Amino acid sequence: MIARTIVDVPAAQTDRLFDYIIPDHLEEIVRPGMRIVVPFGPRLIQGFVIEVVQESDVQKLKSIEEVLDPTPVLTDELLTLGEWLAEQTICFRISAYQAMLPAALKTAVTKELHLLTELNELHPYLQPLFKEKRTILWKDAVDALAGHLKHVRNALDQGQLAVHYVVKEKGKKKTEKWIKLADSADETKVKENAHKQRELLLYLKQQDKALRSQEVLSATKTTRANLKALIDKHLVVEWEQETYRDPLQGVEYKQTPALPLTDEQQQVFTPISESVLNNQSETFLLHGVTGSGKTEIYLQTIEQVLNQGKEAIMLVPEISLTPQIVARFKARFGDEVAVMHSGLSTGEKYDEWRRIHRSEVKVVVGARSAVFAPFSKLGLIIMDEEHEMSYKQEDMPRYHTKEVAIKRANYHQCPVILGSATPSLESYARAKKGVYTLLSLKHRVHNRPMPTVEIVDMREELRAGNRSMFSTSLMEALKTRLERKEQSVLFLNRRGYSTFVMCRDCGYVPQCEHCDISLTYHRSNHSLKCHYCGHEEAMPSVCPECEGEHIRFFGTGTQKVEEELTRVLPEARVIRMDVDTTRTKGAHQKLLDAFGHGEADILLGTQMIAKGLDFPNITLVGVLAADAMLHIPDFRSGERTFQLLEQVSGRAGRHEQPGEVLLQSYTPDHYSIQLVTEHNYEGFFDYEMAQRRTAEYPPYRFMALITVSDPDLPNVIEKSQKIADYLKRTMSKETVVLGPVVSPIARIKDRYRYQCMIKYKNEPRVIEALQQILRHYLRDTTQGNLQISLDMHPYFFM
DNA sequence: AGCACGCCGACT
DNA sequence: GTCGGCGTGCTC
């Protein structure tokens, strides 16, 4: 039998199947989707079995070295999905499969040197290496010998040394020690005066069941030595048992029953429920205003899926995967829920994955990668906040979670729910065309009103002589809230500003010497750092250009806002939430809890407070710079602005008291800001769609981004021009090929960057053409320094 | 991606 | 003559 295998070498030349003989004793074991270790050239590497066949065309076959899994880690569905993903995103198949599995399952291969003879027979030069052990790491030998590797070669030739390749799994299964009384316990073996041992024994007798060793020791206040004595006397047996790390250990969740649905919710629930019951692969777009109770619909739909004996995936953007949302799912579904997000350690992720893999849970709540959860009876996929950009993976494979979700739902014949208060134009357009089924929740639950939104023209403020970052209206509103003991949220949109450094005398801005990008000021060690390559330098005290002393960091950071806030409103208690204050584990939740308990009057924060925040006492939301990202040169900047403003507005007045929103802006007439005052998504959609149509942007067109880079500038220019020419020749007349132009970031890590963009509509051969380009420049990319990176349906144009 | 093989210059 | 530099090509 032959195992057709994808090997763990992410390179163009190895992106195909390699055949291996399945040894007789493994024939009953090896199945598609398992990880195996195979000889590849002179070394050992990991691979995935894709299929098992009878024969191979290859003459000289090698055998599988080792099987890593007792059961397949990839189902047939996921194997096929990986193939599709690799094709759609133009990446290596191995990269697609790796993306579907927790990092713990990725193996590392280490090369080792093993001593076969006696130490003194070895060349004196090599002897120190093997003084302590007979096996050393190859890497250590290279480091120690630096250029004198010929001695190793000689020793290898003479058979004194041997090279071993060791494949190690990264993830470890956690084990716990358990104990119980031995069947035939002869108590007379315990001496009279061994009180502690007797105590321990008595405790075990009373409990009369298997217990965790650790728990018994702490309950009886005895030490491991006492236990060890009993084990040695065969009075107690101890064994290791596999267990899971519990990221939510110690947290108790009260079971909560389903809430009654409002009429509007019921109208939305019915069609989804029918789709679930009829096993229909249908995509719903649930457009529900903030506070309309989308989550309750998700919960009740999932319940129905579970009642059918099926499983559900609940996707949320990483940023809103807070303990609050997790708690809500745990409270409804208890132990049937697994959680997957970046905050978990490698081991924790591995354990959650295993609980899914073994069908011990029925629901997974997770970010992007949870879409690959290895369920076999999938009954529903929900994608909350479907417009969020974090659903697009930015490194290989550059997939969009929505496309994967729909593909999987298709396979399992189950529905997908895309939920949002501000759907992406792509999704809403598809819903209007009837590709997705549009469902709307236009009202907040209990008929609570939407918050009133007012725009403050900051130009007028400036004209009136107010140079601070708080307008008069915002100050007044904040003061009122303080008097009424209500809470406020201040939102600072930092994107578009960053904490760059500038000389006030000559305008000089320090740039990274390897990347054409401004350096960012880091307060912690008073240094300047490059976000792209990590280059770091000291903050200059005088301007390197004009030697002026007025060089300082710019940009309105949250710290600066906080400083000014405490100056103008000294009586206000402020909680600041940004990357700095939420760096440590659990800090995020702590700050939110504190705010929820009324320990502060004002919550000041960045992006991260735009979502999921639900506190009854918030009656004011202030946005300091509503237009901050409007001027980013990206065709989606208007859409993002509207979405963000609508989301933050939604934080106000979610309960009894009505909410008020103040948007400070220098461009108050822009439609992305104006339409928020009416909470008019439809109006925004129509306006923005008209713009997209004229400019031929998505959703009217698809896009692909090709970035070419090389340390040699002329080569980049030449190759990107040739690529653009080729595309212009090959693509149909309707397709627009833009570029080549210099990338927005012209240089990263000393590599010059140019890019081309394709805007196309009906072009069945785009992927083929792009693959052809990669093939054509294979020499330049593998042997030269050229890099060509492809992004289908890009979200970032850097 | 590694790693070996092979061809060329530099040096014992 | 041999050692080691790097370009070229293969890995079931």
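What you see is a predicted model; the values in this text were computed from it and never measured. So that the names make sense, note that chain A is the first sequence line, chain B the second, and so on, each numbered from 1.
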Rounding to a whole Å, what distance do you find between A/Tyr20:OH and C/dT11:P?
10 Å
Identify, residue by residue, the members of residues 30-45 of chain A with a heavy atom below 4.0 Å from DNA chain B, and return them in order of residue number, or none.
A/Pro42, A/Arg43
In whole angstroms, the gap separating C1' of C/dT11 from CG of A/Asp15 amounts to 14 Å
Only counting residues at least two apart or in another chain, list the ones meeting side-chain hydrogen bond (donor to acceptor under 3.5 Å, both in side chains) with A/Glu360.
A/Tyr244
Across all chains, not counting sequence neighbours, the side-chain hydrogen bond (donor to acceptor under 3.5 Å, both in side chains) partners of A/Arg751 are A/Ser709
Polar atom pairs (N or O), protein with nucleotides 5-9 of chain C, under 3.5 Å:
residue, atom, partner, partner atom, Å
C/dG9, OP2, A/Arg779, NH2, 2.8

Can we say A/Glu169 and A/Arg35 salt-bridge, meaning some charged N sits less than 4.0 Å from an Asp/Glu carboxylate O?
yes
I'd like to know whether the aromatic ring centres of A/Tyr726 and A/Tyr777 sit less than 6.0 Å apart in this structure.
no
List the steps, then state whether side chain to side chain donor-acceptor pair (under 3.5 Å) holds for A/Gln393 with A/Asp395.
CA-CA 6 Å; A/Gln393 166 119 51; A/Asp395 35 48; 2.8 Å; yes
How would you list all residue pairs meeting ring pair (Phe, Tyr, Trp, His ring centres under 6.0 Å) that involve residues 54-105 of chain A, not counting sequence neighbours?
A/Phe48-A/Tyr97
Starting from the C-alpha separation in whole Å, work towards a yes-or-no answer on salt bridge (Lys or Arg N to Asp or Glu O under 4.0 Å) for A/Asp351 and A/Arg354.
CA-CA 5 Å; A/Asp351 286 355; A/Arg354 274 158 63 218; 2.6 Å; yes
Calculate, to the nearest 0.5 Å, the distance between atoms CG and OH belonging to A/Leu713 and A/Tyr754 respectively.
5.5 Å
Outermost nucleotides of DNA chain B that come under 4.0 Å of a non-hydrogen atom of chain A:
B/dA1 to B/dC3
Please say whether more than 12 non-hydrogen atoms of neighbouring residues, nucleotides or ligands are located less than 6.0 Å from CD in A/Glu28.
no
Would you please classify the geometry between the A/Tyr399 ring and the A/Phe372 ring as parallel, tilted or perpendicular, with 30° and 60° separating the classes?
perpendicular
Within the 4.0 Å heavy-atom criterion, would you say A/Phe92 contacts the bases, only the backbone, or no part of the nucleic acid?
nothing
OP1 or OP2 of C/dC12 under 4.0 Å from side-chain N/O of A/Lys62
yes
